[in-house]
Amino acid sequence: MRWINHRHRQAVRMGTAFAAMLLLAGCSAALPPYVVIFESYFPSWLICAALGCVAALIARVVLVRLGVDEFLPLPFVTYLAIAAIVMFLLSLLLFAR
């Protein structure tokens, strides 16, 4: 039984070391995850998140005008999902390396 416990601890240590290696790899110095705007460094995800929020607001206006908004079961979650979808798509399309 003691042998199994030792093997289990060893496997957990190896898994933790592997996970730390992947997470601590970071970004390459040649392509940092920021955009220069007005001589200031902005993270690229922040720009995508702002554009995702704008897209969600536009979607809300369109859905309210069409009369669909009142039939949505969870409107907040729906608009949050729209913002997230647009944010991730913009991130992939504009800033993927």
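Fair warning: this is a prediction, and the values are worked out from it, not measured in the lab. Values reported hereafter were calculated over all heavy atoms of this structure, with side chains retained and with hydrogens, waters and symmetry mates removed.
Separating the SG atom in Cys48 from the CG atom in Leu93 is a distance of 9.0 Å, to the nearest 0.5 Å. A distance of 10.0 Å separates CG of Leu80 from CD1 of Ile85, quoted to the nearest 0.5 Å.
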Residues 54-72, side-chain donor-acceptor partners within the protein, below 3.5 Å, at least two apart:
unit_1: Asp69; atom_1: OD1; unit_2: Tyr79; atom_2: OH; d: 2.3

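Clustering ILVMFWY residues whenever any of their side-chain heavy atoms sit less than 4.5 angstrom apart, transitively, puts Met87 in a cluster other than the one holding Ile47.
Judged by distance alone, with hydrogens and angles left aside, the side-chain atoms of Thr78 form a donor-acceptor pair with the main-chain N or O of Leu74 at under 3.5 Å.
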